[in-house]
Amino acid sequence: MAALIEIEGLTKRFGAFTAVEGVGFSVARGEVVGFLGPNGAGKSTTMRMLAGFMLPSAGTARICGEDVVERPVAAKRHLGFLPEGAPSYPEMEVEDFLAFCARVRGCGREAVARAMALTQLEAVRRQPIETLSKGYKRRVGLAQALLHDPPVLVLDEPTDGLDPNQKHEVRGLIRAMAPEKAIVISTHILEEVAAVCTRAIVIARGRILADDTPAGLVRDGRSLEEVFRALTLPAEAA
Amino acid sequence: MRGLLAVARREFAAYFATPVAAVFLVIFLVLAGALTFTVGGFFARGQADLIPFFNLVPWLFLFLVPALTMRLWAEERRLGTIELLLTLPLSPWQAVLGKFLAAWAFCAVALLLTFPLVLTVNFLGSPDNGAILAGYVGCLLVAGAYLALGAALSASTRNQVIAFVLAVAACFLFAAAGSPVVSEFLSARLPALAETARALSVAERFAGFARGVIAAKDVVFFASFIGFWLFVNAAVLDHRKAD
Ligand SMILES: Nc1ncnc2c1ncn2[C@@H]1O[C@H](COP(=O)(O)OP(=O)(O)OP(=O)(O)O)[C@@H](O)[C@H]1O
Ligand SMILES: [Mg+2]
């Protein structure tokens, strides 16, 4: 079966600066890909192009076979995307915000209730988003990405700002959804990779440095952190 | 269609979730009321019509409509919610039209709330209510024209102050293009341009409506003006979503 996410030669230039260069990988159903790399490596930029927010300077990306540039609306229907920083409309109440996203996507009230249950938001459903703590805001963003039970999930730092219990919950949620979906998460927490990912892609300065299973990366007995440093420090220095 | 209506509904509710709606409506109504009776010389004219009010509205909208449009896209950019909105399965024109319709409906609410003026003239005399209706249609079209223009400018920046200033300047340009000062200046030097300027002038086109005449060519003008700027808005949005 064809992979749900197919990326080929994806490149993004901002003026003379190349943020992402020739990135290519594909993700099949059942895979959870951890996207790792130092700050400014190009993780968010790659995810934004995949989500159809930024236009690639070169290369293609397809979600469930739909090209994100040629057929953006069709591609976005299959995608749940959590943007970096989980932006949402501050003056809206949690439930109204999710209801808005559900209405655009054409799913009903029960989808909102289900997403709130998955991310444990029921207690704050009538609270304006601007009055929520950072972790709850992140959960609202996550709930929005899960609303329509999409086959493809792209989550930019989904566990950033969550307390240890919530991190555990979200990792459990991702593991539980994994068999049905193709999931890409970016993270700076290396244990997370071992805990939820079936595959890790390390990127620095816009290029892929490694694409392997977490076990494969630590094959030679080093810790994941050592491997990460060994891979990315020379690239950063270059 | 579904997406368009969802966006319009959210935007419309957002006006009332923030103090924007209250401030806008109060200022608009106070200024419209006060200026109609003072500067407009509502009583002094001794005529039962709303022409003093209609003559004011394009100038009030000149400042108030940019205050509505400045946040439309600039705020989405600053909050980062544009990333959320544009990764929902919406085409750019659905998002653009949804926001525009919400803002337009809001202006319609503001205009509807001036109904005491209509009651007053009907109480004092027997005005031509058909002409008054034409005047209101004209006001709504002027609001639409300014909204479309302001929204397109808001899409091009993340700074609301810049969006506001640009929109006021641009609206002023299209309002004043047909004024006697500009016309005389241009016809003395560039006669060809004088005609174009008058033809593109929102205030000039509105004058007919204020007198109670709905001319097809004026309606077509407003429709194409709005359509053109909405198209620019969608194009700007699609081209520089992220930067
Ligand atoms: N709109 C933009 N204009 C110019 N440069 C940009 C823009 N967006 C991103 N960049 C640059 O592209 C590079 C990659 O940024 P990106 O946000 O993808 O990094 P990241 O891997 O997500 O980092 P982090 O771990 O800090 O989130 C950075 O050097 C950033 O400054
Ligand atoms: Mg990032």
Side-chain angles (χ1 to χ4, degrees), chain A residues 12-15 19 44-45 47-57 63 66 68-69 71-93 96-107 128-130 137 140-141 144-145 147-148 150 154 156, chain B residues 1-24 68 71-99 101-102 106 155 158 160 234-243:
Chain A
K12 180 70 189 180
R13 281 184 281 271
F14 297 106
S44 299
T45 306
M47 289 177 151
R48 284 179 176 143
M49 288 190 280
L50 182 56
F53 178 59
M54 276 182 175
L55 290 177
S57 309
I63 292 176
E66 309 279 8
V68 299
V69 178
R71 294 175 46 78
V73 176
K76 286 167 190 172
R77 265 192 241 290
H78 300 297
L79 170 73
F81 178 51
L82 172 69
E84 184 168 41
S88 52
Y89 297 103
E91 77 283 352
M92 289 184 96
E93 290 173 6
D96 292 343
F97 172 71
L98 294 176
F100 159 67
C101 298
R103 220 173 276 129
V104 172
R105 293 192 176 277
C107 33
I129 293 172
E130 60 194 342
K137 283 183 189 150
V140 173
Q144 163 277 125
L147 267 179
H148 50 304
V154 175
D156 202 345
Chain B
M1 199 58 196
R2 185 178 68 209
L4 190 160
L5 290 179
V7 172
R9 187 169 155 183
R10 196 207 74 76
E11 284 287 327
F12 192 74
Y15 289 119
F16 294 93
T18 54
V20 172
V23 171
F24 183 96
L68 287 183
R71 47 167 289 285
L72 277 188
W73 295 108
E75 188 176 60
E76 297 256 5
R77 277 192 202 281
R78 199 179 48 80
L79 290 173
T81 46
I82 192 162
E83 191 166 350
L84 182 99
L85 186 66
L86 297 183
T87 52
L88 288 172
L90 284 170
S91 62
W93 70 264
Q94 282 177 311
V96 166
L97 207 56
K99 278 180 176 268
L101 288 179
F106 183 74
R158 63 172 63 233
Q160 297 197 32
V236 168
L237 204 62
D238 209 24
H239 260 86
R240 36 187 319 248
K241 288 183 235 200
D243 3 80

Exercise: identify the closest heavy-atom pair between [X] and [Y]:
X	Y	result
Glu83(B)	Glu84(A)	OE2-N, 4.4 Å
Leu79(B)	Pro90(A)	CD1-CD, 3.7 Å
Pro89(B)	Arg105(A)	CD-NH1, 3.3 Å
Leu55(A)	Asp238(B)	CD1-O, 4.0 Å
Pro87(A)	Gly80(B)	CG-O, 3.3 Å

**Item:** Option in Ser88(A), Ala74(A), Gly106(A) with maximal non-hydrogen atom pairs under 4.5 Å from chain B
**Value:**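 Most pairs with chain B among the choices: Gly106(A).
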**Request:** Would you mind telling me which of Pro128(A), Cys101(A), Pro83(A) has the largest number of heavy-atom pairs within less than 4.5 Å of chain B?
**Result:**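 Counting heavy-atom pairs under 4.5 Å, the top option is Pro83(A).
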**Message:** Just to verify, what does Tyr89(A) make a ring-ring contact (aromatic ring centres under 6.0 Å, His included) with, not counting sequence neighbours?
**Reply:** none
Return the [atom1] to [atom2] distance between [X] and [Y], rounded to the nearest 0.5 Å.
X	Y	atom1	atom2	value
Phe100(A)	Leu85(B)	CZ	CG	5.5 Å
Arg77(A)	Leu90(B)	CZ	CG	9.5 Å
Leu84(B)	Phe97(A)	CG	CZ	4.5 Å

**Prompt:** Can you tell me if Lys76(A) uses its side chain to pair, donor with acceptor, with the backbone of Ser91(B) under 3.5 Å?
**Reply:** no
**Request:** Name the region of Gln144(A), side chain, backbone, both or neither, that has any atom closer than 4.5 Å to a heavy atom of chain B.
**Result:**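 For Gln144(A), the side chain is the part near chain B, not the backbone.
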**Asked** So which part of Glu76(B) gets closer than 4.5 Å to some heavy atom of chain A, the side chain, the backbone, both or neither?
**Response** side chain
**Request:** Measure Thr18(B) against the heavy atoms of chain A and call it side chain, backbone, both or neither at under 4.5 Å.
**Result:** side chain
Compile the donor-acceptor pairs under 3.5 Å between side chains in residues 4-14 of chain B and protein atoms, sequence neighbours left out, one pair per line.
| from | atom 1 | to | atom 2 | distance (Å) |
| --- | --- | --- | --- | --- |
| Glu11(B) | OE2 | Lys99(B) | NZ | 2.7 |

